[in-house]
Amino acid sequence: MKTSARNQFNGTVTDLRIGTVNAEVHVGLAGGETIVASVTKESVETLGIKTGLSVIALVKAPQIIIISDFGSYKISARNQLAGTITEVKHGPVNAEIDIELKGGQKIAATVTNDSVEALGLQKGQIATAVFKAGAVLLAVPS
Amino acid sequence: MKTSARNQFNGTVTDLRIGTVNAEVHVGLAGGETIVASVTKESVETLGIKTGLSVIALVKAPQIIIISDFGSYKISARNQLAGTITEVKHGPVNAEIDIELKGGQKIAATVTNDSVEALGLQKGQIATAVFKAGAVLLAVPS
Amino acid sequence: MKTSARNQFNGTVTDLRIGTVNAEVHVGLAGGETIVASVTKESVETLGIKTGLSVIALVKAPQIIIISDFGSYKISARNQLAGTITEVKHGPVNAEIDIELKGGQKIAATVTNDSVEALGLQKGQIATAVFKAGAVLLAVPS
């Protein structure tokens with residue numbers, strides 16, 4: 001599969017919660033992290049998504065928020081992957097932040113240059129990549 | 001209506017599925033494609049969305065993933081519109097990819113330059129614009 | 001809390017609607033506006049989100065659509081905050097539009113330069129920042 005989504009996480013479906021219209025799919029990664037995807041119930045049925053299935057979770061870089069310090073707050077987003085910033089690529093307006101998770105998986109997030117400055121983001125810094133379950137697409141073997 | 005959303009699809013509501021909090025609206029386009037929008041149940045009620053209504057589906061360019069080769073995978077995203085790349089506009093960090101569907105409708109997607117290179121995206125290539133139902137806003141006559 | 005999300009709205013939970021998988025959280029801002037966030041039911045339970053709780057609603061700039069003229073249309077997006085454009089920052093491909101609401105709160109939206117030109121967006125113009133409930137993350141005191 002060749003896709004423009006910068007983030008592709010290989011994993012296995014570990015849990016499935018079906019609602020009236022939407023469903024929640026939990027994908028366990030090799031490094032021990034879990035990614036939660038919100039997809040429609042119809043997609044679960046059409047694609048035959050079930051526990052134990054090998055899938056790829058796709059997330060676009062602009063969907064990811066970087067949090068460098070939670071202070072005294074918790075965040076509602078279901079996906080919060082902590083790691084270390086390995087690269088900050090500056091563009092004229094936006095920047096790309098690469099974060100390496102403990103398991104070695106990398107995540108790319110696109111943020112504005114203003115945010116890079118405001119947070120003082122730099123290589124070697126601890127940071128958390130945060131994204132909503134609704135930002136995740138699933139690719140399953142056909 | 002004047003909106004910054006780069007993608008505006010005129011269509012007609014062909015199906016409606018109501019859940020407890022969310023609803024799924026199917027919009028048939030003139031070219032034969034269907035766009036699925038996930039909106040809240042309250043929006044369906046407030047806007048009087050019903051089968052047969054003429055609506056405009058709006059999608060921002062950064063919400064769209066380009067897939068140039070599905071390999072042996074299927075994707076959970078409800079919207080997958082195949083066409084031909086008509087233009088690749090390079091910026092310093094991001095690029096805009098324009099795809100023309102069979103029905104003549106055009107779609108604009110924003111992706112990183114890295115993805116353009118990794119996928120070898122170029123004019124004339126077959127590609128699929130993929131986006132989630134949750135990325136779609138609906139405009140209805142007031 | 002230090003986060004890359006350009007838009008952070010301080011408010012109080014005024015209403016809560018729980019579905020099977022998802023929930024809708026209404027956040028009242030000091031200026032009188034309400035922001036609607038769609039989060040998973042599990043997040044509501046885990047974070048102890050309830051009426052009266054002080055929270056911060058986070059929205060990334062690329063998630064926001066600018067509408068300068070609704071014409072004869074209404075939009076399904078639950079969040080529609082009207083204000084005045086205070087700045088248009090041009091990049092090579094994208095631009096950032098800053099809008100000030102009546103209550104003084106500012107909103108930053110990232111749109112393409114093509115949209116800025118097509119809509120003729122400029123400082124002093126009336127415009128509405130539109131985003132879906134699914135684009136909103138909530139930060140709550142831990």
Item checked: Spacing of NZ belonging to A:K74 relative to CG belonging to C:L47, to within rounding of 0.5 Å -> 5.5 Å
Next item on the list: Go through A:S76, A:S38, A:A77, A:G19 and name the one with the most non-hydrogen pairs under 4.5 angstrom from chain C.
Entry: A:S76
Notebook entry, point to check: So which of A:G134, A:A127, A:S72 has the biggest tally of heavy-atom pairs under 4.5 Å with chain C?
Noted result: A:S72
Note to self: Test side-chain contact (heavy atoms from CB on, under 4.5 Å) on C:T3 and A:I66; report intermediate values, then the result.
What the structure shows: CA-CA 6 Å; C:T3 147; A:I66 303 292; over 6 Å; no
Next item on the list: For C:K60 and A:P62, indicate whether the former's side chain and the latter's backbone hold a donor-acceptor pair under 3.5 Å.
Entry: yes
Check: Which region of A:V130, side chain (C-beta onward) or backbone (N, CA, C, O), has a non-hydrogen atom less than 4.5 Å from a non-hydrogen atom of chain C, or is it both or neither?
Finding: side chain
Checklist line | Heavy-atom pair count under 4.5 Å with chain C, highest-scoring of A:G91, A:S115, A:G71, A:A133 | finding: A:S115
Note to self: Only heavy atoms, only distances under 4.5 angstrom. Which residues in residues 4-18 of chain C are near chain A?
What the structure shows: C:S4, C:A5, C:R6
Margin query: How long is the straight-line distance from OG of A:S68 back to CE of C:M1, given to the nearest 0.5 Å?
Written below: 10.0 Å
Next item on the list: Could you tell me which portion of A:L119 (side chain, backbone, both or neither) has an atom closer than 4.5 angstrom to a non-hydrogen atom of chain C?
Entry: side chain
Notebook entry, point to check: What part of C:T20 lies closer than 4.5 angstrom to a heavy atom of chain A: side chain, backbone, both or neither?
Noted result: side chain
Note to self: So for A:I64, is it side chain, backbone, both, or neither that comes closer than 4.5 Å to the heavy atoms of chain C?
What the structure shows: backbone
Checklist line | Under 4.5 Å from a heavy atom of chain C, the part of A:T110 involved | finding: backbone
Check: What is the distance from atom NZ of A:K132 to atom CD of C:Q63, rounded to the nearest 0.5 Å?
Finding: 9.0 Å
Check: Given C:E42 and A:E24, is the side-chain contact (heavy atoms from CB on, under 4.5 Å) satisfied, shown in steps?
Finding: CA-CA 10 Å; C:E42 182 161 323; A:E24 204 179 288; 4.3 Å; yes
Note to self: Let me confirm one number: the CG-CD1 distance from C:L138 to A:I75, rounded to the nearest 0.5 Å.
What the structure shows: 8.5 Å
Next item on the list: Using side chain to side chain contact (heavy atoms under 4.5 Å, CB included) as the criterion, point out the one residue from C:I56, C:V55, C:V140 that pairs with A:Y73.
Entry: C:I56
Next item on the list: Report yes if the side chains of C:K89 and A:D114 come closer than 4.5 Å at any heavy-atom pair, otherwise no.
Entry: yes
